[in-house]
Protein chains: 2
Amino acid sequence: MTTTQTKKQQIYEAAARLFRDKGYSATSMRHLAEAVALKASSLYNHIGSKEELLRDICFENAHKYLSGLQAIAMTRDSNLDKIKSLIDLHLDMATEDITSVTAFNDEWRHLSEPWLSDFIQLRKDYEKGFLEILEAGMNAGEIHRADAHTLLYTILSSIRWLYDWRKPEKPMDTERIKQQISNFLVRGLVN
Amino acid sequence: MTTTQTKKQQIYEAAARLFRDKGYSATSMRHLAEAVALKASSLYNHIGSKEELLRDICFENAHKYLSGLQAIAMTRDSNLDKIKSLIDLHLDMATEDITSVTAFNDEWRHLSEPWLSDFIQLRKDYEKGFLEILEAGMNAGEIHRADAHTLLYTILSSIRWLYDWRKPEKPMDTERIKQQISNFLVRGLVN
DNA sequence: TTTTTGCAAACGAACGTTCATTCGTATTCG
DNA sequence: CGAATACGAATGAACGTTCGTTTGCAAAAA
């Protein structure tokens with residue numbers, strides 16, 4: 001059974017993919033319309049504006065990351081296990097929705113005020129929560145001591161290629177790749 | 001003594017910075033002109049076109065990476081030491097020229113044919129050389145066995161935040177950060 | 001019938017670029 | 001020397017094109 005999508009959903013998915021492939025600025029409404037078999041003017045029967053598309057995509061993903069972080073933070077797991085869960089969260093988001101994550105990492109800068117400030121605040125909140133777990137892990141002797149900011153950004157960046165990589169030359173086993181990345185990062189962290 | 005720059009050099013540097021901050025498509029010639037205290041039409045006394053700027057920046061960096069790789073590959077170092085040198089190469093490029101590296105990693109996709117194909121070929125060559133060293137390191141038992149592509153892309157991505165990160169809140173000790181990133185990655189690689 | 005959807009046409013704005021012209025400063029020539 | 005010439009650099013105006021978006025109206029769905 002192929003799940004039926006509303007035209008609005010189709011537009012949002014096509015927009016996310018185009019924003020990823022060409023970037024927000026290089027994506028025109030006429031291109032987007034073509035991707036969903038419409039004319040540009042018809043798009044406005046379903047959406048408000050081009051920036052509204054970007055805005056919704058960015059904030060939807062930001063909230064996914066934040067709620068994922070909060071769920072992990074309130075468990076009773078060890079700090080190392082929390083970090084492993086966070087890495088898994090990023091890997092899952094990257095593999096399950098390879099289009100939208102780029103918006104969260106790259107295209108948000110094309111937001112205009114006041115949403116730009118709002119988004120930056122959400123990102124800061126996320127980083128703060130992640131940093132606290134990293135530092136707690138260091139204080140507990142679970143992970144190698146280093147500048148937490150450096151570790152955080154290195155971890156976040158290292159997963160970017162998964163949704164950034166455009167050449168699906170082989171449908172490689174996603175689970176295997178995820179585990180290898182996780183292994184690699186955790187080996188670099190643990191004491 | 002402040003070294004005197006030609007207007008052309010100023011334009012290229014401003015362009016690299018704008019391409020990094022706003023992206024190629026969102027950077028207008030009128031913006032760029034303002035950044036070097038000119039009117040848009042005056043830019044064309046010094047440069048050929050907007051895309052020529054992108055092209056030169058992309059290929060200059062691509063060749064820097066490739067020559068760095070070749071120099072490292074022909075040494076008699078162990079494979080692990082070669083990988084350490086490659087990581088250092090990326091860290092050095094990222095910290096010494098924080099503007100242009102983005103072009104190499106992100107903005108090259110806005111090139112048009114035939115330069116786009118040429119650039120992709122250069123990137124493939126680079127990846128091939130890096131992969132060979134990684135695989136040799138695995139065969140020699142120097143680094144942990146895993147899918148080499150996965151390791152390569154994870155390493156390359158993990159360094160991106162250095163030139164991507166826009167908030168120089170503290171002038172943190174660059175050498176310290178570089179060493180911590182290198183430590184983190186090498187710990188994840190070694191057997 | 002009322003509401004939703006699609007489209008052609010058109011809007012002002014911004015885009016990269018070209019053009020004729022001007023200004024200042026060297027270089028050449030009488 | 002002074003006058004004539006050449007040239008690099010900067011500019012405002014305008015070009016054709018594309019941009020995001022609006023409008024008015026027809027067809028389809030409810």
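The structure displayed is predicted, hence computed values, not measured ones. In what follows, every chain begins at residue 1, and chains take the letters A, B, ... in the order their sequences are listed.
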(message) Counting only heavy atoms and a strict 4.0 angstrom limit, can you tell me which residues of residues 25-40 of chain B come near DNA chain D?
(response)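 Within this stretch, B:Arg30, B:Leu38, B:Lys39 sit under 4.0 Å of the strand.
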(message) Just to be sure I understand the geometry, which residues of residues 45-58 of chain A put a non-hydrogen atom under 4.0 Å away from DNA chain D?
(response)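 Residues of residues 45-58 of chain A under 4.0 Å from DNA chain D: A:Ser49, A:Lys50.
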(request) Please find out if less than 6.0 Å separates the ring center of A:Tyr126 from that of A:His90. (result)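 That pair passes the under 6.0 Å test.
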(request) Verify whether the ring centers belonging to A:Phe130 and A:Tyr153 lie closer than 6.0 Å. (result)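 Ring centres of A:Tyr153 and A:Phe130 not closer than 6.0 Å.
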Measure the shortest side-chain to side-chain distance between [X] and [Y] over non-hydrogen atoms and say whether it is less than 4.5 angstrom.
X: A:Thr27; Y: A:Arg20; value: no
X: B:Leu122; Y: B:Asp118; value: no
X: A:Ile11; Y: A:Leu32; value: yes
X: A:Ile57; Y: A:Asn61; value: yes
X: A:Trp115; Y: A:Trp108; value: no
X: A:Gln180; Y: A:Phe184; value: no

(request) Taking atom CD of B:Gln179 as the centre, report whether more than 12 heavy atoms of other residues, nucleotides or ligands fall under 6.0 Å from it. (result)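 Count not over threshold, so no.
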(message) Against A:Asp125, only a single residue in A:Gln121, A:Lys128, A:Arg123 fulfils side chain to side chain donor-acceptor pair (under 3.5 Å); can you say which?
(response)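 Of all the options given, the one that passes is A:Gln121.
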(message) Need to verify one output field. Residue with the more 5' nearest nucleotide on DNA chain D, B:Ser41 or A:Tyr24?
(response)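 Checking each residue's closest nucleotide, the 5'-ward one belongs to B:Ser41.
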(message) Need two values: the first and the last nucleotide of DNA chain D, 5' to 3', having an atom under 4.0 Å from any heavy-atom of chain A.
(response)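 Reading along DNA chain D, I get D:dC19 to D:dT22.
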